[in-house]
Amino acid sequence: MSADHARDLVHEGYDVAYVQEKWLPVWDEIAPFKSGRPDDPRPKKYVLDMFPYPSGDLHMGHAEAYALGDVIARYWVQRGFNVMHPMGWDAFGLPAENAAIKRNIDPTIWTYENIAVQKASMRRYACSFDWDRTFNTCDPEFYRWNQWLFLQLFERGLAYRKASKVNWCPSCQTVLANEQVIAGLCERCDTPVTKKKLTQWYFKITDYADRLLEDMSQLEGKWPDKVLTMQRNWIGRSTGANVLFQIEGRSEPVTIYTTRPDTLYGATFFVVAADSDLAAELAKGTPAEAKFNEYVEATKAASDIDRMATDRPKTGVFLERYAINPVNGEKLPIWVSDYVLADYGTGAIMAVPAHDQRDLEFARAMDLPVRVVVDTGEEDPNITGIATSGDGALINSGSLNGKSKGDAIAFINAQLEKDGLGKAARNYRLRDWLISRQRYWGTPIPIIHCPSCGEVATPLEELPVTLPPAAGLDLKPKGTSPLGAATDWVNVPCPKCGQPAKRDTDTMDTFVDSSWYFLRFPSSTDHAQAFSREATDTWLPVDQYVGGVTHAILHLLYSRFFTKVLFDMGKLSFTEPFTRLLNQGMVVMEGSAMSKSRGNLVRLSDELEKHGVDAIRLSMVFSGPPEDDVDWADVSPSGSVKFLNRAWRLSGDVSSAPRVDFTKGERSLRIATHKALHDASFAVESFRFNVAIARVMELVNATRKAIDSGCGPADPAVREATEAIAIMLSLVAPFTAEEMWERLGHKPSVALAGWPSIDESLLVAEAVVAVIQINGKIKERIEVSPLISDADLEAVALANPVVAQALLGATVIKIITRAPKIVNIVINNA
RNA sequence: GCCCUCGUAGCCCAAUGGCAGAGGCAGAGGACUUAAAAUCCUCCAAGUGUGGGUUCGACCCCCACCGAGGGCACCA
């Protein structure tokens with residue numbers, strides 16, 4: 001470093017690159033964030049960031065998320081907690097596999113290389129992770145327990161195989177999860193997704209629908225409302241009744257589900273989902289069969305995109321058969337249509353066109369009768385074309401006449417149950433979770449298919465069923481799992497009868513991995529079990545979870561489901577895995593997502609190079625509330641650099657010795673320091689990190705002023721303030737804070753300095769300004785003691801000359817006093 | 001169409017129902033400097049999307065509307 005350069009640094013601030021390199025090895029040595037010491041007496045806290053896919057180096061989104069999680073973890077360390085803040089990799093899955101195919105290398109090598117890159121970047125980004133607990137979901141040692149879990153569910157009937165229509169991308173030649181279908185298109189190649197009937201593995205999450213819904217009361221106020229609402233929508237519970245309808249010429253009745261059993265007398269026709277088995281059966285042998293087949297073909301050709309158009313005209317075919325309305329014996333014509341879904345309810349409905357908009361549209365298209373049975377006071381749907389759904393007295397409804405909607409539902413449900421014609425029922429939008437994937441890079445499903453024994457669990461002692469080497473397998477998607485070609489791997493004797501059998505060749509959805517990974521961190525070195533009861537009871541549930549809202553439904557719902565299953569198995573003592581949840585926003589550029597095609601991609605490595613780690617972390621955290629998007633066009637990393645230098649310079653100005661008696665310091669700066677500490681603590685605990693930083697900025701300004709034109713650099717209060725600044729800054733700008741701490745004469749690490757205790761007596765000001773209002777308008781400000789009583793404050797206010805003047809000739813109606821802040825005098829001016 | 005969240009200086013954002021401004025960005029002026037950069041100081045601006053209501057008092061609570069973002073969407 002030249003002499004000129006060194007002199008410049010004295011003015012400009014510290015050498016960011018040098019300081020970053022200086023502290024990393026020191027921190028490696030001190031390891032301030034280890035949580036595994038058995039004799040650690042500190043109370044425990046589990047702070048968890050959602051783990052990443054290793055699909056490349058870290059990007060701006062990671063930088064934001066991990067900066068936020070770090071503030072929380074580092075804060076609780078400073079507050080004296082034994083914080084476990086672990087990190088690992090969600091390393092299986094399509095992104096990794098596709099990248100590996102594109103580059104023609106083994107996904108194993110590609111994945112572990114990326115993990116190494118990301119891990120090194122996290123270290124340089126000064127993430128406070130406890131690296132002793134790390135693991136990757138593609139480690140056989142991890143997915144072994146994935147397979148164990150699968151078998152636990154299989155034993156309990158919660159994992160099962162069924163044939164069903166699944167999302168299929170004809171271009172990628174693979175099934176897609178629901179979340180990979182965006183507006184009817186494949187998320188990767190934008191090809192319209194079709195349906196294909198395949199036999200696949202499912203987890204029976206629907207068994208837990210009610211508990212997933214009801215246990216949300218534990219999360220109220222601790223998770224974002226938005227996420228809870230989204231989960232409620234997704235589960236989609238509705239209440240109504242199942243009702244049996246006899247079908248002419250069929251011995252068995254058909255069950256329908258309705259949310260409006262009160263409108264049974266208003267049913268004028270019956271509709272069966274076109275793609276259901278029931279429709280095919282009912283159509284068979286009727287004169288309408290040919291037309292029916294034609295219709296089903298046409299429906300199949302229509303893609304999901306067409307189906308999703310809400311204003312699409314209703315279509316259907318009359319089967320020339322009839323259902324019998326159980327309440328009045330009326331013959332209802334049976335139609336098939338694609339507006340009834342085969343996989344919701346029973347795939348068949350009673351149509352009440354007067355009180356259901358979709359039924360009304362169908363009735364009008366097919367010229368079917370409309371009968372009003374609830375007098376809601378609205379106009380006749382026959383005329384308006386708008387179905388009525390409000391409450392009112394029932395009409396045209398036999399014994400229900402005159403009753404309200406609610407009474408009628410209760411009455412008819414009881415009636416149906418008594419007559420064996422139906423009963424109250426619930427339905428859910430939530431479907432069982434399809435976990436099979438016809439891809440290579442995932443956890444092999446530990447089932448062996450035997451011609452005579454059927455589906456046989458792989459014996460536990462044979463786990464893990466490891467993936468066969470990728471070399472020699474064609475990983476390109478072709479509709480069946482690449483594992484099928486690994487003949488040596490596939491062909492095994494049946495564990496039950498010893499006859500030749502075959503392994504299941506599908507792999508599991510990677511959401512299985514992430515549904516319980518948080519249970520593994522406390523037991524990550526335990527090779528005898530997925531997680532130990534002792535470690536889990538010590539650390540879980542997760543006190544604070546941090547991640548993007550993109551996982552609002554799937555990952556979080558699945559994790560809640562697994563937790564409940566494991567609770568039922570007696571493996572866990574809690575039913576909700578994440579006590580508190582913070583959703584961070586995204587990092588965007590000029591209002592829209594950053595993308596290569598738009599050319600507005602901001603590279604994290606460039607930003608770090610330009611401004612340094614601390615300034616980027618600070619910019620992320622200071623930009624606004626954490627759940628808001630960070631618009632990189634709106635933030636000023638160079639402003640952050642300026643502020644950090646400003647704070648750093650204070651540490652060079654302090655001229656008192658370490659461990660000086662702070663109580664002898666200048667009082668007004670001490671008040672500012674303790675108020676900043678108090679306010680920053682409160683702000684951090686309520687996730688208002690931007691506000692916490694604003695408080696630190698204020699304190700930096702106050703300290704600067706004290707040094708330059710106040711008590712001077714030797715006053716103990718200046719040291720107290722600067723040390724408090726270093727400690728508060730350590731949450732977000734660890735390099736700057738450590739450098740300050742050293743210049744203040746302390747040994748590293750500032751991360752373990754401990755949050756200064758707050759002197760409450762300094763938080764109570766000696767005098768405060770009270771406001772005197774007349775009719776809500778401010779008339780005067782007076783200085784009073786913060787301890788003044790209501791009566792005294794009122795007396796002082798009335799004695800004030802300005803106030804007395806204003807009150808001349810007016811009648812005082814009322815005086816509201818809130819000591820020591822405000823007096824409001826309500827007058828009636830003539 | 002239904003549900004959720006949000007509208008405060010030019011911009012990002014603060015304000016337990018009690019003085020609308022904490023902090024930052026941008027801008028203006030000044031000090032220092034031969035000059036510039038850096039630094040330090042000072043200043044600037046909105047009456048809270050619109051219209052009602054509750055209240056002694058509303059950015060805050062309630063209703064309606066406008067606008068932005070997000071979620072769900074033929075779920076019987």
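All chains are named by letter (A, B, ...) in the order of the sequence lines, taking the proteins before the strands, and each is independently numbered beginning at 1.
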(message) On the nucleotide B/rA15, are OP1 or OP2 found under 4.0 Å from the side-chain N or O atoms that A/Arg688 carries?
(response) yes
(message) Measure NE2/A/His611 against P/B/rG24 and give the value in whole Å, please.
(response) 19 Å
(message) Once you apply a heavy-atom cut-off of 4.0 Å, does A/Phe622 come out as touching a base, just sugar-phosphate, or nothing?
(response) base
(request) Between B/rA14, B/rC56, B/rU42, spot the one nearest the side chain of A/Lys705, thanks. (result) B/rU42
(request) Both distances under 3.5 Å, Watson-Crick or G-U wobble: report the partner of B/rA31, or none. (result) B/rU39
(request) For A/Met589 and B/rC11, give me the distance from atom CE to atom P, rounded to whole Å. (result) 18 Å
(request) Taking only the side-chain heavy atoms of A/Asn233 (C-beta and beyond), determine which of B/rC13, B/rC72, B/rC25 contains the nearest atom. (result) B/rC72
(request) Verify whether one side chain among A/Glu607 and A/Trp632 offers a donor that lies under 3.5 Å from an acceptor in the other. (result) yes
(request) Kindly indicate whether the side chain of A/Arg260 and the base of B/rA76 share any N or O donor-acceptor pair separated by less than 3.5 Å? (result) no
(message) Check A/Asp210 with A/Arg426, please: is the shortest side-chain N to carboxylate O separation under 4.0 Å?
(response) yes
(request) Decide yes or no on ring-ring contact (aromatic ring centres under 6.0 Å, His included) for A/Phe269 and A/Trp335, but give the supporting numbers first. (result) CA-CA 8 Å; A/Phe269 57 102; A/Trp335 288 70; 7.3 Å; no
(message) Counting only Watson-Crick pairs (N1-N3 plus N6-O4 or O6-N4) and G-U wobbles (N1-O2, O6-N3), all under 3.5 Å, who is the partner of B/rG51?
(response) B/rC63
(request) Could you measure between the two C1' atoms, the one in B/rA9 and the one in B/rG49, and give it in whole Å? (result) 15 Å
(request) On the 0 to 90° scale, with breaks at 30° and 60°, tag the A/Tyr339-A/Phe362 ring pair as parallel, tilted or perpendicular. (result) tilted
(message) Whole angstroms only, please: what is the CD1-P distance between A/Ile816 and B/rC56?
(response) 7 Å
(request) Could you please name the option among B/rC13, B/rG18, B/rG71 that lies closest to any side-chain atom of A/Met230? (result) B/rG71
(request) Look at the side chain of A/Lys226 and decide which nucleotide, out of B/rG70, B/rG24, B/rC12, has an atom nearest to it. (result) B/rG70
(request) Kindly say if A/Asn690 contacts the phosphate of B/rA14, meaning a side-chain N or O under 4.0 Å from OP1 or OP2. (result) yes
(message) Pairing check on B/rC25: which nucleotide meets the Watson-Crick or G-U wobble criteria with it, both distances under 3.5 Å?
(response) B/rG10
(message) In whole Å, measure the gap between the C1' atoms of B/rC59 and B/rU8 for me.
(response) 7 Å
(message) Measure CD1/A/Ile707 against C1'/B/rC41 and give the value in whole Å, please.
(response) 16 Å
(request) Ignoring the backbone of A/Thr258, work out which of B/rA76, B/rA22, B/rC72 is nearest its side chain. (result) B/rA76
(message) With rounding to the closest Å, how many angstrom separate the P atoms on B/rU54 and B/rC72?
(response) 40 Å
(request) Could you check if a side-chain atom of A/Trp648 sits within less than 4.5 angstrom of a side-chain atom of A/Arg743, using non-hydrogen atoms only? (result) yes
(message) Tell me whether the side-chain N/O atoms of A/Asn701 come closer than 4.0 Å to OP1 or OP2 in B/rG24.
(response) yes
(message) Tell me which nucleotide, if any, is Watson-Crick or G-U wobble paired with B/rC2 when both distances must be under 3.5 Å.
(response) B/rG71
(message) What I want to find out is whether A/Glu361 reaches A/Arg364 closely enough, with some N-O distance under 4.0 Å, to be called a salt bridge.
(response) no
(message) Please give the distance between the P atoms of B/rC44 and B/rA22 as a whole number of Å.
(response) 12 Å
(message) Taking B/rC60 as the reference, what is the distance to B/rG7 when you measure between their P atoms (whole Å, please)?
(response) 10 Å
(request) Look at the side-chain N and O atoms of A/Tyr344 and state whether any lies under 4.0 Å from the OP1 or OP2 oxygen of B/rA76. (result) yes
(message) With a 4.0 Å limit, can you tell me whether A/Lys314 has a side-chain N or O closer than that to the phosphate oxygens OP1/OP2 of B/rA76?
(response) no
(request) Write down the distance separating the C1' atoms in B/rC4 and B/rG57, rounded off to the nearest Å. (result) 31 Å
(message) What is the distance, to the nearest angstrom, from the CD1 atom on A/Ile693 to the P atom on B/rA14?
(response) 12 Å
(request) Determine the contact category for A/Ser238: base if any of its heavy atoms lies under 4.0 Å from a base atom, sugar-phosphate if only primed atoms, P, OP1 or OP2 are that close, otherwise nothing. (result) sugar-phosphate
(message) Side chain of A/Arg649, heavy atoms from C-beta onward: which of B/rU39, B/rA76, B/rA22 has the nearest atom to it?
(response) B/rU39
(message) So, does A/Arg646 get its side chain near the phosphate of B/rG23, meaning an N or O under 4.0 Å from OP1 or OP2?
(response) no
(message) Using a strict threshold of under 4.0 Å (side-chain N to carboxylate O), is an ion pair present between A/Arg649 and A/Asp653?
(response) no
(request) Check the angle between the aromatic planes of A/Tyr344 and A/Tyr257 and answer parallel, tilted or perpendicular using the 30° and 60° thresholds. (result) perpendicular
(message) Distance check, P atoms only: B/rG67 and B/rA15, in whole angstrom units.
(response) 28 Å
(request) May I ask you to evaluate whether A/Arg704 reaches the phosphate of B/rU39, defined as a side-chain N or O under 4.0 Å from OP1 or OP2? (result) no
(message) Reading RNA chain B from 5' onward, which residue's closest nucleotide shows up sooner: A/Gly236 or A/Gly639?
(response) A/Gly639
(request) Identify which nucleotide among B/rA73, B/rC56, B/rA14 has an atom closest to any side-chain atom of A/Asn824, counting heavy atoms from C-beta outward. (result) B/rC56
(request) Please report, rounded to the nearest Å, how far the P atom of B/rA38 is from the CG atom of A/Asn645. (result) 12 Å
(request) Could you work out the separation of B/rG17 and B/rA58 based on their P atoms and round it to a whole Å? (result) 14 Å
(request) Would you mind pulling out the nucleotide paired to B/rG57, Watson-Crick or G-U wobble, both distances under 3.5 Å? (result) none
(message) Go nucleotide by nucleotide along RNA chain B from the 5' end; which of A/Ala694 and A/Thr259 gets its closest nucleotide reached first?
(response) A/Ala694
(message) Syn or anti for B/rG70? Use the chi torsion, O4'-C1'-N9-C4 for purines and O4'-C1'-N1-C2 for pyrimidines, with syn inside 90° of 0.
(response) anti
(request) Just call it for A/Pro224: base, sugar-phosphate, or nothing, with non-hydrogen atoms closer than 4.0 Å on any strand. (result) nothing
(message) On the nucleotide B/rC56, are OP1 or OP2 found under 4.0 Å from the side-chain N or O atoms that A/Lys814 carries?
(response) yes
(request) Would you please confirm or rule out a distance under 4.0 Å between OP1 or OP2 of B/rC72 and any side-chain N or O of A/Thr229? (result) no
(request) Provide, to the nearest angstrom, the distance between the CD1 atom belonging to A/Ile553 and the P atom belonging to B/rG70. (result) 15 Å
(message) Looking at A/Val352, is its backbone amide N or carbonyl O close enough to the side chain of A/Asp359 to form a donor-acceptor pair, meaning the two atoms are under 3.5 Å apart?
(response) yes
(message) In this structure, how many angstroms lie between the P atom of B/rG71 and the CZ atom of A/Arg429, rounded?
(response) 15 Å
